[in-house]
J.: 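Got a structure here, written out as C-alpha cells. Questions coming.
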Amino acid sequence: MLRDRLITLLTEAVNKAQKDGKLPAVVLPEITIERPQNAEHGDYASNLPLKLARLVKNNPMSIAGELVALLPPAEEIESAVATPPGFINFTLKNDWLSRQVDSILKDSEFFGNSKLGQGKKVQVEFVSINPTGPIHVGHGRGAILGSTLANVLSASGHKVEKEYYFNDAGNQMDIFKRSLYARYLQSLGEKAEVPENGYHGSYMVDLAKEIVAEYGDKFRKLDEAEAIKQLGEIGIGKIKDKIREDLAQLRVEYDVWFREQSLYENGQYDKVMQLLRKGGYIAEKEGATWFVSTSLGEDKDNVVVRSNSAPTYFATDIAYHYNKFLERKFDKVIDIWGADHQGHVPRMKAVATALGIEPERLQIIIHQLVTLKRGGELVRVSKRTGDLITLEEVMDEVGVDACRFFFLARSATSQMDFDLELAKKQSQDNPVYYVQYAHARIASIMRLADEKKIDYSDGDVSLLKTQPELTLIRKLLSLPELIEMISVTSEPHHLAYYAQDLATVFHAFYKDCRVVTDDAAMTKARLKLVMATKTVLAKTLHLMGMTAPDRM
RNA sequence: GCGCUUGUAGCUCAGUUUGGAUAGAGCGCGGCCCUGCGGAGGCUGAGGUCGUGGGUUCGAACCCCACCAAGCGUACCA
C-alpha cells in the first residue's frame, strides 16, 4: 500500500537527517499519512514536521525542507513539497497513475483485496432476534451493517463466518407459546386471553389461523401443557422460516444458524457454569445464582439462574460466547447489537475476562435504534405492542437496493429517522440511482464498443493524462485503502460515500472525455479506463450487497 | 440520579480513532449547459456562533471539565 511506502520513505529521511546531525536524535512520533481534502495539496500529506517541531524545538518549515531534501527517490512520486505551516505534500506521477489501470484490469474483481487479516477466523453475529415475530426495520439496520462488514472483512483476508443466534429457549419463548395458544383457541371460536405480557401483534392472529388451516383443531383436544408445547414448536418453526425469508430478500446470507437450545443439549451450558464456579465467579444469594462481575470491576452482579431455577438470557449468552471462543476457537468475534442491549456490553466483557479471553477479541458494535416515520408521523416499532412495520413492508415499499444504501449511508452511532415517504421520494432522484446510473452508463459504453467490435486489450494506458482521467484513476486507486480502513474501524458506512464520489468523478470524466471516437488509440485507452471503473464500481456495490445494473 | 450514544448548512448526514492548511456531501433553493457514447448527467451561487460556556495548545468540530437537549440503558425481560 502506497501509504506504508510513504511512511518508509519518511522514516529513511528522518534517520538520515539524524545521522547527519541535521535533526536531534529524538524518538520518532508515529508517522501519519493523510489524504488532503484540497487537491492542491497533492495526493498524500504528512504533518510529521509539525509533530517533530514540538519535540526538537525547531521551525517546522525548516524541518520539512530538510526531510524533503533527504527523501529517497521513488518511482511513484512526482514531487514532495514542503508547504506552510509544515506539511510535506506528495504528488503521484502521472504515468505511474495511468499504469495502474492495467493492474486494476488484471486484478479484476479481486482489486482492492488484501491480506491484512492473515486468514484470521472472525465471526460476525448479527440480527439474532427471538423467533417470536417478524423482523422490523431496526433489525434490518443490523442486518445490513453486519452483512456488509462481513463482506469487507472477507475482502481484506479474514476468514469470516456469519452467524444468526436463535434465542429459542427461555422465558420469552414460553410467553410466545402461550400467546399463540390463546390466538389458536380464539380462531376456533373459543374464549381465550392473550397473556398480559404476551405477544399481542396481529401477526399472531394470522399465524394461528394458518395453523388452524393446516392442522385443524387437533391441539384443542390435547391437554393445555402439551398443546402449548406442540403448537409452540410449530409456530416457532414458521417464524424462523419467515425470518430467514426476509433476510434472504434483503440479500443477507448466513453461514450458521445457531440454536440457543443446543447449548443445553450438548452440555456446554453446564460446562461453562462449572468453569466459572471453579474460578470463583459464581455466588448464591437471595435464592438465586449470580455472576460476581463486581470482582472484575463491574458496578453490580448479575443473575444467571433465577430463584425459580430458570437460567436467564445472560446465562446462555455466557455459554454461547464460551462456545464461540473456546469450542470453535474464533480469533475474533464481532457481535452487532441494537442500542437497547448496550447495558449488556460491560458484563459480557467481564465474562470474557473471567473465561480468560482477551476482551479485545470480543468486539461489540452497538447501532442506535431506528425511528420509523411515515410522512413525518411517528410509527410504533415495538413488536410487543403489535402494530408494527415489518422489514418486509419496507423492502417492498422502497426496494432492497435503496433500503441497503440508506442504512449504509449512516454510521452505526447515528440515531436515524427512517421516513418511508422520504426514502421513496429521495430514491427516485438520488443517491442510490445516481450511483447505479453510472454503472449502467458504463455498461452502455461497453455495449457500444462491443457492437463496433473494438478489441481494446492492447490499449496504451499511458495516453491517459488529462485531469478528468487522472482524477478518476486516483479515485479508483483509493478502494484498497478504503477496504483496509473499514476492516480496522468496522465502519462500513464509508462505502456509501465512496460509491457516490466514484460515480461523481466518473460522470465528470464522461462529460469531458468522449470514449468511443475516431481516434482508435485513445478509444482503446479510455475503454480500459472505463472497464476498470466498471470493475471497481461493481465491486463497491457488491460489497454493499447492492446490484450493479447494466440497464435501468 | 448514574452510565452509554448523539447534537455540524433549511432537511438528511460525513468528518471526531491519529488535534493542523479556506469545515464537506446529497436533498432542497437561485443561475447556467442538450449538433456527440444513456440529461436518472454536468457547471455554478447562496446557505455554518461545528449544542452552550470554560480550559489545554503555536493551532481545537476533534483532547479535558461543566452545563443544556435528544435516544437508549440502569430487571431474578431479552
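Reminder, nothing fancy here: chain letters follow the sequence lines and each chain counts from 1. All values below were derived from every heavy atom in this structure, side-chain atoms included, with hydrogens, water molecules and symmetry-related copies excluded.
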J.: Would you kindly give the CZ-to-C1' distance between A:Phe87 and B:rG59, to the nearest whole Å?
T.: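 In whole Å, B:rG59 C1' lies 10 Å from A:Phe87 CZ.
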
J.: Identify the nucleotide, in any strand shown, that forms a Watson-Crick or G-U wobble pair with B:rG3, with both distances under 3.5 Å; if there is none, say none.
T.: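 For B:rG3, the partner nucleotide comes out as B:rC72, under the 3.5 Å rule.
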
J.: Stacking check: are the rings of A:Tyr510 and B:rG41 less than 5.5 Å apart at their centres and under 30 degrees in tilt?
T.: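 A:Tyr510 ring does not meet the centre or angle cut-off for B:rG41; no stack.
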
J.: Quote, to the nearest angstrom, the C1' distance that separates B:rG26 from B:rG47.
T.: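 So the two C1' atoms sit 15 Å from each other.
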
J.: Mind calculating the distance between CD (A:Glu40) and C1' (B:rA21) to the nearest angstrom?
T.: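 So the CD-C1' distance, A:Glu40 to B:rA21, works out to 11 Å.
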
J.: Between atom NZ in A:Lys511 and atom P in B:rG36, what is the gap in whole Å?
T.: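 So the two atoms are 10 Å apart, to the nearest Å.
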
J.: Could you give the CG-to-C1' distance, from A:Asn308 to B:rA75, as a whole number of Å?
T.: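 After rounding, the reported distance stands at 14 Å.
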
J.: Syn or anti: how is B:rC33 classified when any glycosidic angle within 90° of 0 counts as syn?
T.: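 Because its glycosidic torsion lies more than 90° from 0, B:rC33 adopts the anti conformation.
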
J.: Say we look at B:rU44 and B:rU35: how far apart would their C1' atoms be, to the nearest angstrom?
T.: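 Roughly 24 Å separates the two C1' atoms.
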
J.: What I want to check is whether an N or O donor and acceptor connect the side chain of A:Asn89 with the base of B:rA21 at under 3.5 Å.
T.: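 Check passes, donor-acceptor contact within cut-off.
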
J.: Could you give the NE2-to-C1' distance, from A:His344 to B:rG73, as a whole number of Å?
T.: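 Checked: the NE2 to C1' distance equals 13 Å.
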
J.: NZ of A:Lys452: more than 12 outside heavy atoms within 6.0 angstrom?
T.: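 12 or below, so no.
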
J.: Please list, chain by chain and in numerical order, all residues satisfying side-chain contact (heavy atoms from CB on, under 4.5 Å) with A:Asp299, sequence neighbours excluded.
T.: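 For A:Asp299 there are no side-chain contact (heavy atoms from CB on, under 4.5 Å) partners, ignoring immediate neighbours.
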
J.: Could I get a table of every N or O pair under 3.5 Å where one atom is in the protein and the other is in nucleotides 1-6 of chain B?
T.:
from: B:rG3; atom 1: N2; to: A:Gln342; atom 2: OE1; distance (Å): 2.3
from: B:rC4; atom 1: O2; to: A:Gln342; atom 2: OE1; distance (Å): 3.1
from: B:rC4; atom 1: O2; to: A:Gln342; atom 2: NE2; distance (Å): 3.3
from: B:rU5; atom 1: O2'; to: A:Gln368; atom 2: NE2; distance (Å): 3.3
from: B:rU5; atom 1: O2'; to: A:Thr413; atom 2: O; distance (Å): 3.2
from: B:rU5; atom 1: O2; to: A:Gln415; atom 2: OE1; distance (Å): 3.4

J.: Would you check, one step at a time, whether the test side chain to side chain donor-acceptor pair (under 3.5 Å) holds for A:Thr504 with A:Tyr434?
T.: CA-CA 9 Å; A:Thr504 298; A:Tyr434 178 81; 3.0 Å; yes

J.: Say you pick atom C1' in B:rA21 and the same atom in B:rG38; how far apart are they, in whole Å?
T.: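 Nearest-Å result for B:rA21 against B:rG38 at atom C1': 40 Å.
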
J.: Give one of base, sugar-phosphate or nothing for A:Leu448, where a contact means two heavy atoms less than 4.0 Å apart.
T.: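 Touches sugar-phosphate only.
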
J.: Is the centre of the A:His344 ring less than 6.0 Å from the centre of the A:Phe314 ring?
T.: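 Under 6.0 Å, so yes.
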
J.: Kindly say if A:Tyr434 contacts the phosphate of B:rG42, meaning a side-chain N or O under 4.0 Å from OP1 or OP2.
T.: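 Yes, within the criterion.
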
J.: Judged by each residue's nearest nucleotide on RNA chain B, which is more toward the 5′ side, A:Ala412 or A:Phe314?
T.: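 Mapping each residue to its closest nucleotide by heavy atoms, the 5'-most match is A:Ala412.
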
J.: Take atom C1' in B:rC13 and the same atom in B:rU8, then report the distance between them in whole Å.
T.: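 Going atom to atom, C1' in each nucleotide, I get 9 Å.
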
J.: Determine the Euclidean distance between corresponding C1' atoms of B:rA14 and B:rG7; express it in Å to zero decimal places.
T.: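 That atom pair is separated by 15 Å.
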
J.: Look at the rings of A:Phe506 and A:Phe509 and say which category their plane angle falls in: under 30° parallel, 30 to 60° tilted, over 60° perpendicular.
T.: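 Tilted: the ring planes of A:Phe506 and A:Phe509 meet at 30° to 60°.
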
J.: Among B:rC76, B:rA75, B:rA40, which is the nearest nucleotide to the side chain of A:Val303?
T.: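 Looking only at side-chain atoms, A:Val303 lies closest to B:rC76.
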
J.: For the residue pair A:His341 and A:Tyr313, categorise the inter-ring angle as parallel (less than 30°), tilted (30 to 60°) or perpendicular (more than 60°).
T.: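 Aromatic pair A:His341/A:Tyr313 classed perpendicular.
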
J.: Nearest whole angstrom, please: distance from the P of B:rG26 to the CG of A:Asp501.
T.: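 Distance, rounded to whole Å: 9 Å.
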
J.: With no hydrogens and no angle check, just 3.5 Å: does a side-chain donor-acceptor pair link A:Glu481 and A:Ser478?
T.: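 Side chains of A:Glu481 and A:Ser478: no pair found under 3.5 Å.
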
J.: Sort me out a list of protein N/O and nucleotides 15-19 of chain B N/O pairs below 3.5 Å, or just none if empty.
T.:
from: B:rG15; atom 1: OP1; to: A:His493; atom 2: NE2; distance (Å): 3.0
from: B:rG15; atom 1: OP1; to: A:His494; atom 2: NE2; distance (Å): 3.4

J.: As a test of understanding, state which of A:Trp257, A:Tyr320, A:Trp337, A:Phe126 forms a ring-ring contact (aromatic ring centres under 6.0 Å, His included) with A:Tyr165.
T.: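 One option only clears the test, and that one is A:Tyr320.
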
J.: For B:rG30, give the paired nucleotide (Watson-Crick: N1-N3 plus N6-O4 or O6-N4; G-U: N1-O2 and O6-N3; both under 3.5 Å), or none.
T.: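 Across all strands, the one nucleotide that pairs with B:rG30 is B:rU44.
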
J.: Heavy atoms only, 4.0 Å cut-off, all strands: where does A:Asp174 land among base, sugar-phosphate and nothing?
T.: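 The answer is nothing, as A:Asp174 stays clear of every strand by at least 4.0 Å.
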
J.: A:Trp290 side chain: which of B:rU12, B:rA21, B:rC76 is closest?
T.: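 When the side chain of A:Trp290 is considered, B:rC76 is the closest of B:rU12, B:rA21, B:rC76.
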
J.: Are A:Asp455 and A:Ser457 close enough that a side-chain donor and a side-chain acceptor fall under 3.5 Å?
T.: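 Per modelled atom types, A:Asp455 and A:Ser457 side chains form a pair under 3.5 Å.
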
J.: Which residues satisfy the side-chain contact (heavy atoms from CB on, under 4.5 Å) test with A:Ser487, sequence neighbours excluded?
T.: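 Testing A:Ser487 for side-chain contact (heavy atoms from CB on, under 4.5 Å), a comparison that skips the adjacent residues, returns A:Leu116, A:Val152, A:Leu153, A:Ser156, A:His158, A:Ile483.
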
J.: Distance check, C1' atoms only: B:rG71 and B:rG51, in whole angstrom units.
T.: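 The same atom, C1', in both gives a distance of 16 Å.
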
J.: Listed by chain and number, what are the side-chain contact (heavy atoms from CB on, under 4.5 Å) partners of A:Ala532, not counting sequence neighbours?
T.: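 Only A:Val101, A:Ile104, A:Leu105, A:Leu476 meet the side-chain contact (heavy atoms from CB on, under 4.5 Å) criterion with A:Ala532.
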
J.: Counting only distance, no hydrogens or angles, is the base of B:rC37 paired donor-acceptor with the side chain of A:Ser444 under 3.5 Å?
T.: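 There is none.
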
J.: Hey, is A:His41 stacking on B:rA21? Ring centres under 5.5 Å, planes under 30°.
T.: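 Yes, A:His41 stacks on the base of B:rA21.
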
J.: What does A:Gln436 touch in the nucleic acid at a heavy-atom separation under 4.0 angstrom: a base, only the sugar-phosphate, or nothing?
T.: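 Nothing, no nucleic acid heavy atom in range.
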
J.: Of all the choices, B:rA40, B:rG20, B:rC13, which nucleotide is nearest to the side chain of A:Met552 once you look at every atom?
T.: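 Given the options B:rA40, B:rG20, B:rC13, the side chain of A:Met552 is closest to B:rA40.
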
J.: To the side chain of A:Leu369, which of B:rC72, B:rC76, B:rA21 is closest?
T.: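 Nearest to the side-chain atoms of A:Leu369, counting from C-beta on, is B:rC72.
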
J.: How long is the line joining CG of A:Asp301 and P of B:rA75, in whole Å?
T.: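 In whole Å, B:rA75 P and A:Asp301 CG are 13 Å from each other.
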
J.: How far, in whole Å, is B:rG55 from B:rU18 if one measures between their P atoms?
T.: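 To the nearest whole Å, 25 Å.
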
J.: Kindly write out the residues that satisfy side-chain contact (heavy atoms from CB on, under 4.5 Å) with A:Glu40, not counting sequence neighbours, or none if the list is empty.
T.: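 Checked A:Glu40 against side-chain contact (heavy atoms from CB on, under 4.5 Å); matches are A:Asn38.
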
J.: I'd like the P distance from B:rA61 over to B:rU52, given in whole Å.
T.: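 Per the computed distance, 11 Å lies between those P atoms.
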
J.: Round to a whole Å and report the spacing from CZ of A:Phe405 to P of B:rC27.
T.: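 Rounded to the whole Å, the gap is 11 Å.
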
